[in-house]
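In what follows, every chain begins at residue 1, and chains take the letters A, B, ... in the order their sequences are listed.
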2 protein chains.
Amino acid sequence: MTLKLDKVNRGPHLSTLVASSISREIAQGRLKPGDQLPTEAALATTFGVSRNVVREAIARLRSEGRIWSQQGRGAFVAESNNPTVLTIDYETLQRADSFRNLFELRGILEVQAAALAAKRRSDADLKAMGDALSGMRAAPYGSVAWLRSDLEFHRTVAEATRNSYMGQFLVFVSERVRESILAAGNQQKSDDMARITLGEHERIFAAIRNGDVEGAQAAMRDHLAGAALRVGLHDGEAAAEAAPVPEVPSPVRHSRLRKAIRGQA
Amino acid sequence: MTLKLDKVNRGPHLSTLVASSISREIAQGRLKPGDQLPTEAALATTFGVSRNVVREAIARLRSEGRIWSQQGRGAFVAESNNPTVLTIDYETLQRADSFRNLFELRGILEVQAAALAAKRRSDADLKAMGDALSGMRAAPYGSVAWLRSDLEFHRTVAEATRNSYMGQFLVFVSERVRESILAAGNQQKSDDMARITLGEHERIFAAIRNGDVEGAQAAMRDHLAGAALRVGLHDGEAAAEAAPVPEVPSPVRHSRLRKAIRGQA
DNA sequence: CAATCAGGGTTGTATGATAACACGACAACG
DNA sequence: CGTTGTCGTGTTATCATACAACCCTGATTG
């Protein structure tokens, strides 16, 4: 048996701890927008780490848009909560209503993507979709290969919109949804479902091939409604039950510093 | 006259350039999931920067979930194309077709958000929207206060969807669009536009207040079509002549290195 | 054959030094 | 008095080097 210990060692680098610590200061309002952070040297001594570590932490916060810095002046808390990156908190997603919201957003994107795809698809797109469908027919329902083909089909639809951002967003949202479903692990499989799911996909494909915008939207909407049911979401306004994720303890290294950092939070 | 020279110094830190470069390698498939990256020392020499810079770049990519690293072994491209964050490259957005794509995506989200808002808005939501509209009436067109009120109105609409992810995504996309418009700076203002824009907002507000889903969608669609024109995008399928943003010559520092990095993209 | 251990390679961290830049103080100048 | 030029100080950005922690491999040893 292969134990699964991966994904556990969620990188407890020092820079991560420092970044989290500063992040908390900002989130809890002890550092207000526009405020200047202490100098790198000062942060290094207060945290008891090297200036290098502080710099990596600041680089990270800067890339997240939380702070900005200018050579010769200092680092400052960003004015507006205007993050340059969009991130979805894994823990939040465990809440049923959050999951339903994300599923709703995915639905909106998928349906409109289907509409655009029906308008703009090229022959190459149609071939790619067809290949993905073949892959789904060949693989057993729920297998890895099947899932890959499923994802592939949706990806090709997104691609056919000729809008790369549509693809990016869709993939991002779908991935989060998929993760959450896998974590919950409460999906029952059956041969019936295989047939039904495949049929839904084929209707989407046909509509897109025929350039039937409304049909593609409708077919995609049906597919997502079906998927919602299969995942345990009552359609409409009802809530889903997602299993909470177990807390994972992180291995202890640099315990002295960590304690110092954690302590002052 | 107040010249606008801010926002130009978009942080071209070396670590940013290195991170972008590696990111591209991954996105374009030259580095496949599971692949091991060159060692930090190797990257440092190939990029012609210090190992410290490389480390900051890697720290950033790691925090974005694109790669993971283990002490003593090396850094590896993350298995699933499972970036935990979604980012929009500022440079890419300068291309007219990219901007049009993002604008299209924004439109989709706004229109559907308007629909959901018409279904789910509460009295508090309506009051907030009304306040935002008042703010727009009071402020001169194009002023900072006006822009703030405009943003505020759209934010309240997103809020009324009762779907926090919708709000997050919408704000994120809108911010990028707004930044790009400001950077281009090719918007002409007139009193007519003030009246027209305000009227568009009021129609959206009215439809949402009346719970008119289709009307809200239509009004929002009109508003966005208008906004597209005002920004210089031809509506529909026509290509946009978004004035290509003037290349901002970043003050020359480390020009040799930059060239090397840019060159190998 | 199995366990141990030595060595090299790699990342994580520390430290010091230098360059680039911002800002205020202050003098020189009109 | 106001403006401009210069300089010194403080800060970030980058470089360079060294060491610690850790992984992997392979030889040594019992």
Phosphate OP1/OP2 of C/dT10 contacted by B/Ser69 side-chain N/O (<4.0 Å): no
Length of the CZ-C1' vector between B/Arg51 and D/dA18, whole Å: 11 Å
Contacts of A/Tyr165 that satisfy ring pair (Phe, Tyr, Trp, His ring centres under 6.0 Å) - sequence neighbours left out: none
Nearest-Å distance for atom pair CG/P, residues A/Leu14 and C/dT11: 17 Å
Secondary structure string for DNA chain D (Watson-Crick or G-U under 3.5 angstrom, | for other-strand pairs): ||||||||||||||||||||||||||||||
C/dT15 OP1/OP2 closer than 4.0 Å to side-chain N/O of A/Arg55: no
Comparing B/Leu37 and A/Arg73 on DNA chain C - which has the more 5′ nearest nucleotide: B/Leu37
A/Ser50 vs C/dT13: side-chain N/O to OP1/OP2 distance below 4.0 Å: no
Distance, rounded to the nearest Å, where A/His13 contributes NE2 and C/dT10 contributes C1': 13 Å
Residue whose nearest DNA chain C nucleotide is more 5′ - B/Asn52 or A/Gly72: B/Asn52
A/Phe47 CZ to C/dA14 P, straight-line distance once rounded to whole Å: 13 Å
Separation of C/dT15 C1' from A/Glu56 CD (nearest whole Å): 15 Å
Residue list, side-chain hydrogen bond (donor to acceptor under 3.5 Å, both in side chains) with A/Ser149, at least two apart or on another chain: none
A/Ser15 side chain to A/Arg60 side chain, donor-acceptor N/O pair below 3.5 angstrom: no
Length of the CD-C1' vector between B/Gln71 and C/dT11, whole Å: 5 Å
A/Asp35: side-chain hydrogen bond (donor to acceptor under 3.5 Å, both in side chains) partners, not counting sequence neighbours: none
Set of residues satisfying side-chain hydrogen bond (donor to acceptor under 3.5 Å, both in side chains) with respect to A/Arg73, sequence neighbours excluded: A/Gln70
Residues forming a side chain to side chain contact (heavy atoms under 4.5 Å, CB included) with A/Arg55, sequence neighbours excluded: A/Glu40, A/Arg51, B/Glu56
